[in-house]
Amino acid sequence: MDLFSYARSKNKEKSESPLAARMRPRTLEEVVGQEHIIGPDKLLYRAIKADKLRSVIFYGPPGTGKTTLAKVIANTTSSEFTQINATVAGKKDMEEVVGAAENTMAVTGKKTILFVDEIHRFNKAQQDYLLPFVEDGTLILIGATTENPYFEVNGALISRSLILELKPLMKEDIGKLIRRAVSDVECGMGAYKADITDEAVEFLADMAGGDARHALNGIELGIMTTPRSEDGIIHITLDVAAECIQKKVLKYDKTGDNHYDTISAFIKSMRGSDPDAAVYYLARMLEAGESVTFIARRMMVCASEDVGNADPNAITVAVSASLAVERVGMPEAQIILSQAAAYIASAPKSNASCVAIEEAMNEVRRTGNLEIPNHLKDAHYKGAAKLGHGTEYKYSHNYPNHYVSQQYLPYELTGTKFYRPGDMGYEVKIKEHMKKIIEEDRKRNEK
């Protein structure tokens, strides 16, 4: 690169690039969020500081800092650093990188760090091409992907790399980035003499959905398009922030009554078997920036408390949705939540298992630790047999229907019923099954 090309690239980096690109941290100390992998006591932090990095694949949603961490490593390492994008790079590009890396190793003894953005876009042959050079140390690979690397990256590369998952940024982290961008004169928008209200910061941080790039794009647009007030300042208010990202400001205070009213309406709609209302309140929460993990947690509770064994699949759907939204993030997470909410709302309902544990807890509080029947006690520890523990236990699998009548509850609670299956869904089968095996056991005992 000649002097003029270098000057042009630096000028573009400072003034022409989008705000999100200009605000990328240059050192580990400037990085916001992701403390679970780059905290001062974490392996990656220590490896970067010591310049002892091994091959690593960063995996996470857009805007969480995958490329940022690669740039920080580039500014920190004494190794050569080169970058390609898997969406446009071909075999020739890879051959040039490998050739240059081999020459560098031969002449200076330095390794080359290769950053491959969107590494999941490489096909198997392209990934296989890199493998021997990663294995012999010619290249240290840094891959970045929004897709699960265990599905999209060759197992051989996976086994030679450290897999680090980046999480969506917390609202507080994005708020810090917004304020930094507004005030930073060198790389941010500080030269425009703008200020931003706390409400606007919170709104943009909420709407970003963990994506710092989305928030910074919004604040850049706001400052660039908002006229100065009479005091010469560009004021970024809540209304300006909402207009910049084309989102209506909904009345929704996540710590106030509206938050609790909306989640209450959502749960009661699912409990009341109204999928339309459930999806509507879900949409209100999502549009207002409610945490998808909070919504998913409440759905898991509803699936167990209000659907229960009337449809045992409901809790499976809710748990799967909870795991999926953490992996996928917004906006696609809304599809997963909608599917789960509609399923739970449409499922047959029973709170029998919920009532059972409530009544059992009350009984335990009332009567304390009643004596466990001797035949149910552990028979394996030393001296147990002499005490009669477990000696008269009947192994249910040795009997027809894998059932035999014997005392399970403490004797003081004989005949007490906690779980009473309802008349909906799968609990009908549970009730029929229990009635059948108990009746057949009774008849056998009468003979």
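Values in this document were obtained by computation on a predicted structure and should not be read as measured data.
- Under the 3.5 Å distance criterion, with hydrogens and angles disregarded, a donor-acceptor pair is assigned to the side chains of Tyr419 and Glu427.
- A distance of 11.5 Å separates OG in Ser350 from CD in Glu305, rounded to the nearest 0.5 Å.
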Side chain to side chain donor-acceptor pair (under 3.5 Å) between Ser353 and Asn309, intermediate numbers included: CA-CA 7 Å; Ser353 56; Asn309 287 333; 5.1 Å; no
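- Judged by distance alone, with hydrogens and angles left aside, the side-chain atoms of Arg284 form no donor-acceptor pair with the main-chain N or O of Tyr280 at under 3.5 Å.
- Residue-environment remark: CD1 (Ile372) stays at or below the threshold of 12 foreign heavy atoms within 6.0 Å.
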Candidate pair Met189 and Met23, rule side chain to side chain contact (heavy atoms under 4.5 Å, CB included), full reasoning: CA-CA 10 Å; Met189 309 297 289; Met23 289 300 298; over 6 Å; no
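- More than 12 heavy atoms of other residues, nucleotides or ligands sit less than 6.0 Å from atom CG of Asp136.
- For the pair Tyr45 and Pro40, the minimum side-chain heavy-atom distance is below 4.5 Å.
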Report, one line per pair, each donor and acceptor closer than 3.5 Å where one atom sits in a side chain of residues 332-346; sequence neighbours left out.
residue: Tyr343; atom: OH; partner: Asp311; partner atom: OD1; Å: 3.4
residue: Tyr343; atom: OH; partner: Asp311; partner atom: OD2; Å: 2.8
residue: Ser346; atom: OG; partner: Ala342; partner atom: O; Å: 2.8

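- Residues Lys49 and Glu29 are paired through a salt bridge, judged by an N-O separation under 4.0 Å between the basic side chain and the carboxylate.
- To the nearest 0.5 Å, atoms CE (Met300) and CG (Leu323) are separated by 7.5 Å.
- The shortest distance between side-chain heavy atoms of Met270 and Phe266 falls below 4.5 Å.
- Closest approach of Leu19 and Leu216 over heavy atoms only: CD2-O, 3.5 Å.
- In this structure a side-chain-to-backbone donor-acceptor pair under 3.5 Å is present from Gln126 to Asn123.
- In this structure the side chain of Leu204 reaches within 4.5 angstrom of the side chain of Ile196, judged on heavy atoms.
- Ion pairing between a basic and an acidic side chain is recognised when a charged N comes within 4.0 Å of a carboxylate O; Arg121 and Glu152 show no such pairing.
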Distance-only donor-acceptor pairs under 3.5 Å for side chains of residues 84-94, two or more places apart:
residue: Asn85; atom: OD1; partner: Thr87; partner atom: N; Å: 2.9
residue: Asn85; atom: OD1; partner: Thr87; partner atom: OG1; Å: 2.5
residue: Asp93; atom: OD2; partner: Gly90; partner atom: N; Å: 2.8

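- More than 12 heavy atoms of other residues, nucleotides or ligands sit less than 6.0 Å from atom OH of Tyr403.
- If you take NZ on Lys42 and CD on Gln34, they are separated by 12.5 Å, rounding to the nearest 0.5 Å.
- Between Val31 and Val72, the closest side-chain pair of non-hydrogen atoms falls below 4.5 Å.
- Looking only at distances, no side-chain donor or acceptor of Arg327 sits under 3.5 Å from a matching main-chain atom of Gly60.
- Using a distance-only test at 3.5 Å, with no hydrogens or angles considered, a donor-acceptor pair links the side chain of Thr64 to the main chain of Pro61.
- Panel note: side chain Arg228, backbone Ile233; no donor-acceptor pair is recorded below 3.5 Å.
- The CD atom of Glu35 sits 10.5 Å away from the CG atom of Asp41 when rounded to the nearest 0.5 Å.
- No donor-acceptor pair under 3.5 Å is formed between the side chain of Arg298 and the backbone N or O of Ile263.
- When atom types are taken as modelled, the side chain of Ser55 and the backbone of Leu141 share a donor-acceptor pair closer than 3.5 angstrom.
- Under the 4.0 Å criterion applied to side-chain N and carboxylate O atoms, Glu186 and Arg26 are assigned as salt-bridge partners.
- Inter-residue side-chain proximity for Asp206 and Lys171 is flagged as met; some heavy-atom pair is nearer than 4.5 Å.
- You'll find the side chain of Ile119 stays beyond 4.5 Å of the side chain of Ile142, heavy atoms only.
- Crowding of Phe133 atom CZ: a count of heavy atoms from other residues, nucleotides or ligands under 6.0 Å exceeding 12.
- For the residue pair Thr77 and Asp51, a side-chain donor N or O sits within less than 3.5 Å of a side-chain acceptor on the partner.
- Summarising the local packing, CE of Met105 is surrounded by more than 12 heavy atoms from other residues, nucleotides or ligands at distances under 6.0 Å.
- Residues Tyr393 and Leu376 meet the side-chain proximity criterion, which asks for heavy atoms closer than 4.5 Å.
- Side-chain N or O atoms of Asp184 include one that pairs as donor or acceptor with a backbone N or O of Cys187 at under 3.5 Å.
- Proximity of a side-chain donor or acceptor of Ser322 to a complementary backbone N or O of Ala318 within less than 3.5 Å is not detected.
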Evaluation steps, side chain to side chain contact (heavy atoms under 4.5 Å, CB included), between Val292 and Leu286: CA-CA 7 Å; Val292 294; Leu286 292 174; 3.9 Å; yes
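- Residue Asn154 comes nearest to Lys124 through the heavy atom pair ND2-O, 3.5 Å, listed as atom of the first residue, atom of the second, then distance.
- Residue Pro149 comes nearest to Ile158 through the heavy atom pair O-CD1, 3.6 Å, listed as atom of the first residue, atom of the second, then distance.
- Partners of Asp211 according to the side-chain hydrogen bond (donor to acceptor under 3.5 Å, both in side chains) rule, which considers only residues two or more places apart in sequence or in another chain, do not exist here.
- Atom OG1 of Thr138 and atom CG of Leu114 lie 11.5 Å apart (nearest 0.5 Å).
- Formation of a donor-acceptor pair under 3.5 Å by the Lys349 side chain with backbone atoms of Ala347 is found in this model.
- For the pairing with Leu164, the side chain to side chain contact (heavy atoms under 4.5 Å, CB included) check across Val56, Ile57, Ile38 returns one residue only, Val56.
- More than 12 heavy atoms of other residues, nucleotides or ligands sit less than 6.0 Å from atom NZ of Lys431.
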Verdict with reasoning, Asp231 to His235, per side chain to side chain donor-acceptor pair (under 3.5 Å): CA-CA 10 Å; Asp231 60 4; His235 295 285; 2.8 Å; yes
Side chain to side chain contact (heavy atoms under 4.5 Å, CB included) evaluation trace for Ile315 with Val307: CA-CA 8 Å; Ile315 185 63; Val307 177; over 6 Å; no
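- Using a 4.5 Å heavy-atom threshold, the side chains of Ile236 and Thr197 count as separate.
- Salt-bridge check for Arg179 with Asp198: passed, with a basic side-chain N closer than 4.0 Å to an acidic carboxylate O.
- Taken to the nearest 0.5 Å, the NE2 atom of His402 stands 9.5 Å off from the OH atom of Tyr395.
- For the residue pair Phe58 and Leu166, the shortest heavy atom distance occurs at CD2-CD1, 3.8 Å.
- Across Lys66 and Thr145, no two heavy atoms sit closer than the pair CD-O, 3.6 Å.
- Salt bridge Lys111/Glu80: absent, no basic N to carboxylate O contact under 4.0 Å.
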Pair Val153-Phe122, side chain to side chain contact (heavy atoms under 4.5 Å, CB included): steps then yes or no: CA-CA 8 Å; Val153 179; Phe122 271 161; over 6 Å; no
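- Between Leu177 and Val32, the shortest heavy-atom distance links the atoms CD2-CG2, 3.8 Å.
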